[in-house]
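Heads up, the thing below is written out as structure tokens.
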Amino acid sequence: FLNETSLNVTGGMKLSSRIIMRVFTSSHVERVRCKAYTDYLKGKWKTAPQKTALKPVSEDGALHKSTDYREIFLPDYSLPAENKGEEFRIKMASGANTVFFVPPSGFAIMTDVPRVSLDQYGIFYPESTEVNMGYSVAYMPGLQYVICPEIKDLTSCLSIPDYFSPEIKTLSEKLTEGKGNRLEKCRFVESYFHREFQYSLEFKPSRKGDPVEEFLLEKKAAHCEYFATAMVILLRYDGIPARYVTGYLVHEYNEHTCYYIVRDRDAHAWVEAFVDGHWVTFDPTPAGGLFNELLGNSEPDVFRQVFDLLLVKWDELKGFLSKGDISGLFKWALKGIKSYSHYLTPFIIIVLTVLLLLYFKRFKKITFFERTTKSKISELDENPVVRRFGEIMVIFDKIFTEKNIKRKGNLTLYEYVEYLKENNFPNEELNSSADFIKEYCILRYGHDEITEGDFLSLEKKLESLKTIIDNKNE
């Protein structure tokens, strides 16, 4: 979710069940936005957010200040008068925020962060990143379009690379011909993908041409990033401004605790098209089959729900203890006992189970503390190509670990580059690291056939990075 992304980022997250955030609401929130992109070229999207600092406001008729957070940040543009705003709370569970995740109709943020900014696409940004941050969002449920600043120049949302086959323009004309207005055209193009294409994680583009062209005209089976990009291109050929949007679907509801769980595998990409003066959401990815299977169960079993509640309460307990808020701790405990009295027995069983597991883990850690790189490699996939990539990545991590810059487990490779940049990593080492990671990800996730020359090129970049870091530390 950086300012530049490729068409293989979200697809690679679909196999992970890591929890990203919890959304505390009894209302239905279909999705939350992260980034909007306008510039596409050869399998990559870019965005250039123009951020405007927001001033905190006092509570008014539309909003009341949450007791959990100090500030309300509300844009100065007018809001729809026909809809009433509601609020819900988000608690991040993995990593640090670089944006606030907000539904399309979100219009305000309540947070402890002292400064917040807003870009031209309606994306909110905290001034500083904070691990596992919590905040509240005000939004308008039922609103059928995105709340965001007015964009007067839509040129970037109409641009199309000049190398595409004429067949794609012909397809766009065929799909939109005879359709009365923009909304009808968008819905028909969206339904075209639902009818004629299939969802798949197996699509790997060849090295010839643009991967979206190959998807549209030949293979017709891929994951959400290809569907969203293809729809944007088809709409732009018809003169309809459109942009590519990333974020998460919100669907896994814990009915016993009244919150949603959002995981890595819920990462998604969709389309926003400019219709009748507003940006409207369209999702061309066909539901059902593998897509639903990868999303997982929207209603986990009771044990999983209760266990997750325990994790949430443990996190809240640590928050009170770290602040030394004894009064708040007692109020929280009394409220918890009253709300979850029927869960006390399962809680006791779960606590004992967790303690036993922790004890076993600690014993195992002491017994097997000395683990060699070779043993780590042996746990990798038996596929020789995957094994080779694993060996390369172990060396990469070892280089940084030796310099006391260990990569945290909850950071993707691209996020690790941003982490290094934020921590003032020297430019030469940073550029060399970014160059290696970029080629690694392209080869690892973007192609079917990997040659020995590809591996040698990647290993050469790794050796160059090691030499640069070693020389800087002499």
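Hydrogens, waters and symmetry mates are skipped; everything else that's a heavy atom, side chains included, is used. All residue numbers refer to positions in the sequence shown, counting from 1.
Between the side chains of R187 and S191, not a single donor N or O lies within less than 3.5 Å of an accepting N or O.
Between R115 and E71 there is no salt bridge, since no side-chain nitrogen of the basic residue lies less than 4.0 Å from a carboxylate oxygen of the acidic one. For the pair R388 and E452, the salt-bridge criterion is met [side-chain N within less than 4.0 Å of a carboxylate O]. The existence of a salt bridge linking R22 and E252 is excluded, since no basic side-chain nitrogen approaches an acidic carboxylate oxygen closer than 4.0 Å.
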Side chain to side chain contact (heavy atoms under 4.5 Å, CB included) between L118 and Y77: does it pass, once the steps are laid out?
-> CA-CA 12 Å; L118 179 76; Y77 48 76; 3.7 Å; yes
Go through E196 and K220 one step at a time and tell me if the salt bridge (Lys or Arg N to Asp or Glu O under 4.0 Å) criterion holds.
-> CA-CA 8 Å; E196 304 294 335; K220 297 190 176 183; 5.7 Å; no
Would you sort out whether K44 and D39 count as a salt bridge (Lys or Arg N to Asp or Glu O under 4.0 Å), showing the intermediate values?
-> CA-CA 8 Å; K44 293 184 179 179; D39 302 324; over 6 Å; no
Stepwise, does the side chain to side chain contact (heavy atoms under 4.5 Å, CB included) test hold for F425 with S433?
-> CA-CA 10 Å; F425 201 55; S433 301; 4.0 Å; yes
Working for side chain to side chain contact (heavy atoms under 4.5 Å, CB included), residues E439 and L458 = CA-CA 7 Å; E439 181 165 343; L458 194 60; 3.9 Å; yes
Can you list the steps and then say if K35 with E4 is a salt bridge (Lys or Arg N to Asp or Glu O under 4.0 Å)?
-> CA-CA 10 Å; K35 285 279 189 177; E4 179 178 335; over 6 Å; no
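Separation of the Y244 and Y40 ring centroids does not fall under the 6.0 Å cut-off. Taking the six-membered ring for Trp and the full ring otherwise, Y145 and W279 have centroids separated by 6.0 Å or more. Ring centers of F88 and Y139: under 6.0 Å apart, within the cut-off. Centroid-to-centroid, the aromatic rings of F188 and Y192 stay 6.0 Å apart or farther. A ring-centre distance under 6.0 Å is not found for Y440 and F396.
Using a distance-only test at 3.5 Å, with no hydrogens or angles considered, no donor-acceptor pair links the side chain of D264 to the main chain of A267. In this structure a side-chain-to-backbone donor-acceptor pair under 3.5 Å is missing from E87 to A138. In this structure a side-chain-to-backbone donor-acceptor pair under 3.5 Å is present from S105 to M140. Judged by distance alone, the side chain of H194 and the main-chain N or O of D283 form a donor-acceptor pair under 3.5 Å. With hydrogens and angles ignored, the 3.5 Å screen pairs a side-chain donor or acceptor of R236 with a backbone N or O of C157. Put simply, the side chain of T47 gets close to the backbone of A36: a donor and an acceptor are under 3.5 Å apart. Under a 3.5 Å cut-off, the side chain of D266 and the backbone N or O of R263 do form a donor-acceptor pair. For E190 (side chain) and C186 (main-chain N/O), no donor-acceptor pair under 3.5 Å exists by modelled atom type. Remark: the backbone N or O of W270 is not paired with any side-chain donor or acceptor of R31 at under 3.5 angstrom. With R182 contributing its side chain and F274 its backbone, the two residues share a donor-acceptor pair below 3.5 Å.
No more than 12 heavy atoms of other residues, nucleotides or ligands lie within 6.0 Å of CD in Q198, so this atom counts as exposed by the packing criterion. Taking a 6.0 Å sphere around CG of D276, one finds it holds 12 or fewer heavy atoms contributed by other residues, nucleotides or ligands. Around the CD atom of Q144, the shell of radius 6.0 Å holds no more than 12 heavy atoms that belong to other residues, nucleotides or ligands. Around atom NZ of K438, no more than 12 heavy atoms belonging to other residues, nucleotides or ligands sit under 6.0 Å away.
For F24, the ring pair (Phe, Tyr, Trp, His ring centres under 6.0 Å) partners are Y259, not counting sequence neighbours. Partners of D435 by salt bridge (Lys or Arg N to Asp or Glu O under 4.0 Å), not counting sequence neighbours, listed by chain and number: K461.
Listed by first then second residue, pairs satisfying side-chain hydrogen bond (donor to acceptor under 3.5 Å, both in side chains) with a partner in residues 160-180 read Y163-D210, T176-D238, not counting sequence neighbours.
Rounding to the nearest 0.5 angstrom, the gap separating the CG atom in L234 from the CG atom in L171 is 5.0 Å. With rounding to the nearest 0.5 Å, the separation of CZ in R265 from OH in Y248 is 12.5 Å. Rounding to the nearest 0.5 angstrom, the gap separating the NE2 atom in H28 from the NE2 atom in H251 is 10.5 Å.
Among F107, F124, Y135, the one residue that satisfies the ring-ring contact (aromatic ring centres under 6.0 Å, His included) test with F100 is Y135. A side-chain contact (heavy atoms from CB on, under 4.5 Å) with V146 holds for exactly one of T281, V280, V245; it is T281.
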